[in-house]
Amino acid sequence: MFAAPKLIVVSLLIIAAWVGYRWLNGLTRELSNQRPPPHRAINAEDVVACGACGAYFAAGAHACGRPDCPQPG
């Protein structure tokens, strides 16, 4: 039937699994409580479509040199 060594081994396995579960659960809680890294500002500009050719360029860009370019030179 049930032998004492088998019951001891099964009990130790259950205890080890429980302790391991608690340890891993504590690690995940500890990681979730850490502050996220600060967000860096994105260096980006808005783009607009050229009325003459349809190409996109930065809103503050100079004229491309075409005679029908709508951007100020």
Side-chain angles (χ1 to χ4, degrees):
M1 276 188 77
F2 294 110
K6 287 183 183 179
L7 288 176
I8 292 172
V9 169
V10 169
S11 299
L12 288 175
L13 287 174
I14 291 172
I15 291 171
W18 178 252
V19 169
Y21 170 77
R22 295 284 307 250
W23 180 72
L24 287 175
N25 196 20
L27 282 180
T28 56
R29 237 185 284 134
E30 194 175 293
L31 288 174
S32 66
N33 289 338
Q34 291 178 352
R35 287 187 191 162
H39 295 287
R40 293 185 292 178
I42 298 173
N43 187 11
E45 293 184 40
D46 291 331
V47 293
V48 293
C50 175
C53 65
Y56 286 90
F57 56 88
H62 297 291
C64 63
R66 289 178 52 154
D68 57 346
C69 182
Q71 281 296 101

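Keep in mind that this is a model prediction, so the values were computed, not measured. Below, all heavy atoms of this structure are taken into account, side chains as well, without hydrogens, waters or symmetry copies. In what follows, residues are counted from 1 in the order of the sequence shown.
- For the pair F57 and V47, the minimum side-chain heavy-atom distance is 4.5 Å or more.
- When the shell of 6.0 Å around CG of D46 is examined, it contains 12 or fewer heavy atoms from other residues, nucleotides or ligands.
- Atoms CG and CG, from L12 and L7 in turn, are 11.0 Å apart once rounded to the nearest 0.5 Å.
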